[in-house]
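Encoded as structure tokens, the structure appears first; notes follow it.
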There are 2 protein chains.
Amino acid sequence: MKGAIDLSGIDPAFHQQVDLLARDMSAHGVRRDEPVRTTFAMLGDRWSTLILLVLGFGTWRHAELRRVLGRLGAEEKISQRVLTLKLRAMERDGYVVRHVVPTVPPRVSYALTDLGAELRDHATGLIGWVNAHQQEIRKARVRFDLAEADAD
Amino acid sequence: MKGAIDLSGIDPAFHQQVDLLARDMSAHGVRRDEPVRTTFAMLGDRWSTLILLVLGFGTWRHAELRRVLGRLGAEEKISQRVLTLKLRAMERDGYVVRHVVPTVPPRVSYALTDLGAELRDHATGLIGWVNAHQQEIRKARVRFDLAEADAD
DNA sequence: CGGTATCCTAAAAGATACTG
DNA sequence: CAGTATCTTTTAGGATACCG
């Protein structure tokens, strides 16, 4: 982690492996619109991971979910439109089920599917890891920002 | 995964737990600019995970890295500017080291730190999981799109 | 070669008003 | 209540030219 980069690793033979690497990565579902990409994009957007975690606690109606997300201190609040958008995307990928009781007005509720619950477990795993290393990350940021300020 | 939502879960007592939940989630580093959020956002953006994976294979110069990313079939190609941006963000958070040999022109290379390597392991774990379930996801999409088309 | 500056486009997200 | 429609703001990302 110091300045210990091994430059000897940079040689022509190494770079001829690039095409192999490329094929390897493509097999990792790295292309646009493939599940891997869209799922990562989902987890990385402003709300979906939060929604995933909250739905992990049970079944919620649309309006309730909106209020809860607003109370997390994480962000301001999610607009009705965006919540609908996110839930629909998660439903489309099979992470969420939408249940409608056709009264007037209809009662609509959302919950995780088994697949969604598994994804949530992976997400919490990663959250746990980042949390465990947050001091390291914060220190790196301070170091970087100081070094940058020094350069001026 | 069927229509098996337990609506009995929706009761007032349940919702009085919301504040507890909120505190719980805040402790999960769910706020803006906190490592958890920024790291997830990073993994979810267009290039960072790809960069993480490629750097997992060794040490790369800036231009080489750019060429490799362009060959992955994943996207078109990354602009010089964006690659610099992404690498800098990853360096700032301590996931990447930048090494400069001050020749003219200087040789600059990038590699993962130990922290970055750990993050890459988590990322590949998640990639593996999604890949293992991609058929499930694709089927859900088809089902959803058909149901939507039916509605018209 | 690596990086920066400038400009531009596309996509995500927010605000608000409206409907069944 | 849930969802849609419309408009505006914000942000990520790309194109290009230039510098040390």
Side-chain angles (χ1 to χ4, degrees), chain A residues 5 7 10 15 32-33 37-38 40-51 59-70 74-92 96-110 147-148 151-152, chain B residues 5 7 10 15 32-33 37-38 40-51 59-70 74-92 96-111 148 151-152:
Chain A
I5 297 190
L7 284 175
I10 307 187
H15 289 298
R32 271 193 153 310
D33 291 325
R37 289 306 301 272
T38 55
F40 271 70
M42 196 198 85
L43 293 175
D45 76 20
R46 219 175 172 97
W47 294 105
S48 298
T49 299
L50 238 40
I51 294 172
T59 297
W60 301 80
R61 309 263 318 263
H62 183 104
E64 299 167 328
L65 190 48
R66 239 193 114 199
R67 271 189 294 270
V68 176
L69 289 167
E75 319 270 339
E76 309 315 305
K77 59 199 190 76
I78 189 171
S79 69
Q80 211 174 14
R81 177 179 154 272
V82 173
L83 180 54
T84 302
L85 243 45
K86 295 301 169 190
L87 286 169
R88 182 162 308 173
M90 294 171 86
E91 191 196 355
R92 191 174 107 98
V96 161
V97 242
R98 179 172 175 272
H99 187 244
V100 185
V101 181
T103 52
V104 208
R107 295 175 69 87
V108 183
S109 15
Y110 294 90
E148 202 181 39
D152 302 339
Chain B
I5 297 190
L7 284 173
I10 306 186
H15 289 298
R32 268 191 155 313
D33 292 325
R37 289 305 302 273
T38 56
F40 270 70
M42 198 198 83
L43 293 176
D45 76 20
R46 217 174 171 100
W47 294 105
S48 299
T49 298
L50 239 39
I51 294 172
T59 297
W60 302 80
R61 308 264 318 265
H62 183 107
E64 299 167 327
L65 191 47
R66 239 192 114 202
R67 271 189 293 270
V68 176
L69 289 168
E75 320 269 340
E76 309 314 304
K77 60 199 189 79
I78 187 171
S79 69
Q80 209 174 16
R81 177 179 154 270
V82 173
L83 180 55
T84 302
L85 243 46
K86 295 301 169 188
L87 286 169
R88 182 162 307 174
M90 294 170 86
E91 190 196 356
R92 191 174 107 99
V96 161
V97 242
R98 177 171 175 274
H99 187 244
V100 185
V101 181
T103 52
V104 209
R107 294 175 71 86
V108 184
S109 17
Y110 295 90
E148 203 182 37
D152 302 337

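The side chain of B:Ser79 approaches D:dG14 more closely than any other nucleotide in the set C:dG3, D:dG14, D:dA2.
Within the structure, a side-chain polar atom (N or O) of B:Lys86 is placed less than 4.0 Å from OP1 or OP2 of D:dG13. For D:dG14, one of the phosphate oxygens OP1 or OP2 lies less than 4.0 angstrom from a side-chain nitrogen or oxygen of B:Arg46. Within the structure, a side-chain polar atom (N or O) of B:Tyr110 is placed less than 4.0 Å from OP1 or OP2 of C:dG3. An OP1 or OP2 oxygen of C:dG14 is reached within less than 4.0 angstrom by no side-chain nitrogen or oxygen of A:Arg66. Contact between the side-chain N/O atoms of A:Arg61 and the OP1/OP2 oxygens of D:dA2 is found at a separation under 4.0 Å. A close approach under 4.0 Å does occur between a side-chain nitrogen or oxygen of A:Trp47 and OP1 or OP2 of C:dG14. Taking only side-chain nitrogens and oxygens, A:Arg67 never comes nearer than 4.0 Å to OP1 or OP2 of D:dC1.
Nearest-nucleotide mapping onto DNA chain C: of A:Val82 and A:Pro105, the residue sitting toward the 5' end is A:Val82. Where A:Pro106 and B:Val100 meet DNA chain C, the nucleotide closest to each residue was compared, and B:Val100 sits on the side nearer the 5' end.
Side-chain atoms of A:Leu83 and A:Ile51, non-hydrogen and from C-beta on, do get closer than 4.5 Å to each other.
Residue side chain B:Arg81 reaches the base of D:dG14 through a donor-acceptor N/O pair under 3.5 Å, judged by distance alone.
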